[in-house]
Engineer: 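I have a structure I would like to understand better, so I am pasting it below and will then ask my questions one at a time.
Numbers here are sequence positions counted from 1. Computed over heavy atoms, backbone and side chain alike; hydrogens, waters and symmetry mates excluded.
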Amino acid sequence: MVQAYILIQTEVGKAADVAREIGSISGVNQAEDVTGPYDVIVRAEARSVDELGKLVVAQIQAVEGITRTLTCPIVHI
């Protein structure tokens, strides 16, 4: 299983709506609207890096109001 944090920037005033919509996507464990340089932080998981990429590109980035994403895979050192 591959897990990642996805840092999301949204259009002004859209963070809560984006977090709510992303929270309902399969593979997303948590989606929170936050303050700071990013507007929403998501924790997600997938079976492989390829599946994670599909989750981010095909489903998360398709949510209206998102302007930019940064995916940070979790590593266990």
Engineer: Cut-off 3.5 Å, no hydrogens considered: what does the side-chain donor-acceptor table look like for residues 53-72, sequence neighbours left out?
Structural biologist:
unit_1 : atom_1 : unit_2 : atom_2 : d
Q61    : NE2    : T69    : OG1    : 2.8
T67    : OG1    : Q9     : O      : 3.2

Engineer: Could you go through I6 and I41, starting from their C-alpha distance and side-chain angles, then the distance that decides it, and tell me whether this counts as side chain to side chain contact (heavy atoms under 4.5 Å, CB included)?
Structural biologist: CA-CA 6 Å; I6 303 152; I41 297 179; over 6 Å; no

Engineer: Does the pair D17 and R20 meet the rule for a salt bridge (charged side-chain N to carboxylate O under 4.0 Å, His left out), with working shown?
Structural biologist: CA-CA 5 Å; D17 294 336; R20 191 170 22 263; 2.6 Å; yes

Engineer: Which pairs with one or both residues in residues 31-42 pass salt bridge (charged side-chain N to carboxylate O under 4.0 Å, His left out), sequence neighbours excluded?
Structural biologist: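 Salt bridge (charged side-chain N to carboxylate O under 4.0 Å, His left out) check on residues 31-42 returns no pairs.
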
Engineer: Taking all non-hydrogen atoms of both residues into account, name the closest pair between P73 and A4 and its distance.
Structural biologist: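 Looking at all heavy atoms of both residues, the closest pair is CA-CB, 3.7 Å.
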
Engineer: Are V2 and E51 packed together at the side-chain level, in the sense that at least one heavy-atom pair is separated by less than 4.5 angstrom?
Structural biologist: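 The answer is no; the side chains never approach within 4.5 Å.
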
Engineer: If you compare all heavy atoms of M1 against all heavy atoms of R47, which two are closest, and at what distance to 0.1 Å?
Structural biologist: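 That would be SD-N, 3.9 Å.
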
Engineer: Check for me, please, whether Y5 and I8 land in the same ILVMFWY cluster - side-chain distances under 4.5 Å, paths through other members count.
Structural biologist: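 Y5 does not cluster with I8.
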
Engineer: Any chain of hydrophobic side-chain contacts (each under 4.5 Å) joining I74 to I22?
Structural biologist: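 In one cluster with I74: I22, no.
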
Engineer: What are the two closest heavy atoms between A19 and A31, and how far apart are they?
Structural biologist: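 So the minimum-distance heavy-atom pair works out to O-CB, 3.5 Å.
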
Engineer: Is there a path of hydrophobic side-chain contacts, each under 4.5 Å between heavy atoms of I/L/V/M/F/W/Y residues, joining I25 to L52?
Structural biologist: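 Yes: a chain of side-chain contacts under 4.5 Å links L52 to I25.
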
